[in-house]
K.L.:
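This is the structure, below, for whatever I ask next.
Throughout, residue positions are numbered sequentially from 1 according to the sequence presented. When a ligand or atom number is given, it counts from 1 through the structure's own listing order.
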Amino acid sequence: MKRKLFLSKILLPTIIVFTVTLAVTQIVAYKTYSVEKTKELELAEKEAAHIKQQIELSLNHSITATKMIAFLVEKNLISNNFNSVAEDLIQQNKFIDALQLVEGSTIVKTYPLKGNEAVIGFNIFSNPNHKREAIEAINRKELYFEGPFELKQGGKAIVGRLPIYKNKEFWGFSAIIIKMETLFNIMGIDKQGENDQFVYQIYKIADNKERNFFFNHNEEMKAGVFHETFIKLGNWNVVVKLKSPNHLYKALPFSLLGILFSCLLAYFVFILSIQPLKLKQDVKRKTIELSKVNKTLEIRANELAISNSELEQFAYVASHDLQEPLRMVTSFLSQLEKKYENQLDEKAIQYISFAIDGATRMRNIILDLLEFSRAGNYDEEKELINTNEIVEQANVLLRKVIEEKNATIIYKDLPTIIAYRSPIVQVFQNLISNGLKYAKADIAPIIEVSAKELKNEWQFAIKDNGIGINKEYHDKIFVIFQRLHHQNEYSGTGMGLAIVKKIIENFGGKIWLESEEGKGSTFYFTLSKQNSNH
Ligand code: ADP
């Protein structure tokens, strides 16, 4: 399942993005490649056309020259005029190196003669190549070039032959010789057959498949960027090849960048798509951890509730059941005192009085313990309580002490809350009575009860001008049976504040104090405005 999810949610989008990006970038690269290649091919084609045009243009002059000679032959004017006409023609035409007259197959005249004497009387049919090419000219009935080949008189040249007919009978040829250097000049190419940009080759394939090349280099012409064209006048193939084509180098960066970009994008998609899965796994792990913690907490809470209720039950049973024997001890001690008053000496009477006192204290402790264990279990209903009335009620209950100590209790505009009445009464009463109890000996106690409205709760404060409490005991005083004074100094069991804390916390509130020794104390506690959950 996990593997499937990984494949469908992460690997698939990554692969798709990679493939699509790669395809798009490579298509762009290929397009660039083909556009650039086409441009280069066009360049080669243009150059080939240019060369062809140059050759044809210059050879066309030869047509006129050979025709002129042929005309002279036809009109029987040749024997006297060949030299002067040939001289004229060569002077006017820089593309012609020599002119010849071939009667039948034998060369009878040549201009210029100097240096060319060797050809006079040469039978061109004696060489199979010359014969084949001369016959081609006869078949064509027009000027046709042979070559290049080595001239009898030295040097390499092409020879154009125009068949001459006299009285409709084949008479011979009017021939024109163009040396290779002259031809290369016409084309604007040196004899190596190359320039900065192109390599050239012009060749003719004979019947016997033998090839005749214009240039001597060994360049493989039909590879790379080249263009081939044909010149009918000599059955020549012209090939122009671009020396260093760079369409591939122009397209390559596109292609490589495309691959890099595709990889990066795929990696990005991979990272992005793995995030939710990671998050999901994290949430799952955390949820499992949380539910484990929750379970442990639940178990602990349950254990705590059970132990609390057992403890409360124990405290209740103990305090309840202890009362009876304690009452017996007190009552029998009182009877002992009453009945044997006369027989007992003073010491014995004092001992009995100590015992009664101890039993009474014990009774008070047990009663407080009973109250503490009961705090939080209310049979009554919640009701609207005006806290002004509660303070008033405490005033009445504590009237005796108030009068004795000449104390003042100040309170004004206290709020109305919804709560159980008796615990609230107990809280106010305990705190106010502590304020009265722990007053300074020579100063009349002033106790101020006030309330401050917070967002969700009321914050009450009960401030006195009594003896105060050292900071180090601020926590200790809320613990059950913890007291800071001896019984002789201030009576009490050390239970009052523990009960108050238990009630307040049961209602979801908090209790704390601000006090310094000798500077009075202020006890704060909060009660929720709703207070309906408790
Ligand atoms: P008890 O008053 O029975 O000793 P409490 O739990 O009410 O028990 O108080 C615990 C201790 O806190 C007292 O013994 C007393 O030392 C100290 N205390 C409580 N209230 C005040 C107060 N308003 N001023 C100074 N000390 C106080």
Side-chain angles (χ1 to χ4, degrees), residues 312 315 319 357-376 387 390-391 393-395 397-402 404-411 422-451 459-507 509-526:
E312 273 174 17
S319 48
D357 193 37
T360 313
R361 269 198 3 239
M362 192 168 171
R363 186 167 176 267
N364 285 340
I365 290 172
I366 287 170
L367 281 176
D368 277 350
L369 197 62
L370 195 63
E371 206 173 305
F372 182 77
S373 70
R374 276 185 191 146
T387 47
I390 303 287
V391 177
Q393 200 176 329
N395 246 341
L397 273 167
L398 300 165
R399 199 180 57 223
K400 208 171 147 224
V401 199
I402 293 172
E404 263 173 30
K405 298 206 170 187
N406 200 16
T408 319
I409 298 184
I410 308 167
Y411 64 96
S422 52
I424 295 295
V425 169
Q426 208 170 2
V427 167
F428 277 94
Q429 211 164 295
N430 275 5
L431 292 175
I432 293 171
S433 77
N434 272 354
L436 294 171
K437 191 173 10 168
Y438 299 105
K440 285 178 183 163
D442 46 352
I443 295 176
I446 301 171
I447 296 169
E448 224 179 301
V449 183
S450 61
Q459 181 183 304
F460 290 91
I462 297 178
K463 183 179 173 188
D464 64 46
N465 56 347
I467 58 171
I469 306 165
N470 192 317
K471 225 179 170 88
E472 69 179 285
Y473 304 122
H474 282 195
D475 288 333
K476 194 176 167 191
I477 55 169
F478 289 104
V479 178
I480 186 169
F481 297 138
Q482 292 290 338
R483 310 199 65 231
L484 304 182
H485 305 278
H486 193 264
Q487 196 61 27
N488 297 343
E489 264 182 297
Y490 299 98
S491 66
T493 57
M495 187 67 89
L497 285 179
I499 292 174
V500 168
K501 187 171 191 266
K502 191 174 174 190
I503 293 170
I504 296 296
E505 285 179 354
N506 232 301
F507 285 157
K510 277 187 302 191
I511 180 161
W512 70 100
L513 74 149
E514 280 171 8
S515 178
E516 265 180 61
E517 215 166 348
K519 290 188 179 170
S521 320
T522 308
F523 281 82
Y524 297 94
F525 64 90
T526 57

K.L.:
Has D368 got a side-chain atom pairing as donor or acceptor with G494's backbone, closer than 3.5 angstrom?
P.N.:
no
K.L.:
Show me which atoms of ligand 1 lie under 4.0 Å from any heavy atom of L484.
P.N.:
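This gives 14 (O), 16 (O) as the contact atoms.
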K.L.:
Should you measure from each heavy atom of N434, which atoms of ligand 1 turn up under 4.0 Å away?
P.N.:
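Near N434, the atoms of ligand 1 are 2 (O), 7 (O), 19 (C), 20 (N), 23 (N).
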K.L.:
Does R483 reach ligand 1 with a nitrogen or oxygen that is under 3.5 Å from one of the ligand's nitrogen or oxygen atoms?
P.N.:
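Yes: some nitrogen or oxygen of R483 is under 3.5 Å from one in ligand 1.
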K.L.:
Can you find a pair of side-chain heavy atoms, one from Y411 and one from N395, that are under 4.5 Å apart?
P.N.:
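With C-beta onward as the side chain, the pair touches.
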K.L.:
Of all the non-hydrogen atoms in the protein, which one sits nearest to atom 10 (C) of ligand 1, and at what distance?
P.N.:
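Answer, as residue, atom name and distance: Q482 O, 3.5 Å.
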K.L.:
Please identify which atoms of ligand 1 are closer than 4.0 Å to at least one heavy atom of H485.
P.N.:
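In order of number, 15 (C), 16 (O).
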K.L.:
Quick one: does N430's side chain get under 4.5 Å of N434's, heavy atoms only?
P.N.:
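They are not in side-chain contact.
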K.L.:
Could you find the nearest protein heavy atom to atom 12 (O) of ligand 1 and give me its residue, atom name and distance?
P.N.:
I477 CG2, 3.3 Å
K.L.:
Taking the side chain as everything from C-beta on, heavy atoms only, tell me whether P445 gets closer than 4.5 Å to N465.
P.N.:
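A side-chain contact exists here, since the closest heavy-atom pair is under 4.5 Å.
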K.L.:
Report the nearest protein non-hydrogen atom to atom 24 (N) of ligand 1: residue, atom name, distance rounded to 0.1 Å.
P.N.:
Y438 CB, 3.4 Å
K.L.:
Pick one of side chain, backbone, both or neither for how I469 approaches ligand 1, counting any non-hydrogen atom pair under 4.0 Å.
P.N.:
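Within the 4.0 Å criterion, I469 contacts ligand 1 through side-chain atoms alone.
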K.L.:
Could you check whether any side-chain heavy atom of S521 comes within less than 4.5 Å of a side-chain heavy atom of Y438, counting everything from C-beta outward?
P.N.:
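No. Closest side-chain heavy atoms not under 4.5 Å.
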K.L.:
Cut-off 3.5 Å, side chains only: do E514 and Y524 have a donor facing an acceptor?
P.N.:
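Judged by distance alone, the side chains do pair up.
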K.L.:
Looking only at non-hydrogen atoms, which of I499, L497, L436, L431 approaches atom 6 (O) of ligand 1 most closely?
P.N.:
L497
K.L.:
Please could you name the atoms of ligand 1 that M495 approaches to less than 4.0 Å, counting only its heavy atoms?
P.N.:
6 (O), 8 (O)
K.L.:
Examine I467 against ligand 1 and note whether any of their N/O atoms are separated by less than 3.5 Å.
P.N.:
no
K.L.:
Relative to ligand 1, is D464 under 4.0 angstrom through side chain, backbone, both or neither, heavy atoms considered?
P.N.:
side chain
K.L.:
For K437, I'd like to know if atom NZ has over 12 heavy atoms of other residues, nucleotides or ligands within 6.0 Å.
P.N.:
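Atom NZ in K437 is crowded, with more than 12 foreign heavy atoms closer than 6.0 Å.
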K.L.:
Any idea which part of K437 is under 4.0 Å from ligand 1, heavy-atom wise: side chain, backbone, both or neither?
P.N.:
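Only the side chain of K437 comes within reach of ligand 1.
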K.L.:
Main chain of I469, side chain of H474: is a donor-acceptor contact present, judged purely on distance under 3.5 Å?
P.N.:
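The answer is yes, because a donor-acceptor pair under 3.5 Å joins these two groups.
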K.L.:
Taking K519 for the side chain and G468 for the main chain, is one N or O donor matched with an acceptor at less than 3.5 Å?
P.N.:
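No.
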K.L.:
Give the residue, atom name and distance (to 0.1 Å) of the protein heavy atom nearest atom 8 (O) of ligand 1.
P.N.:
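Here the closest protein heavy atom is G494 CA, 3.1 Å.
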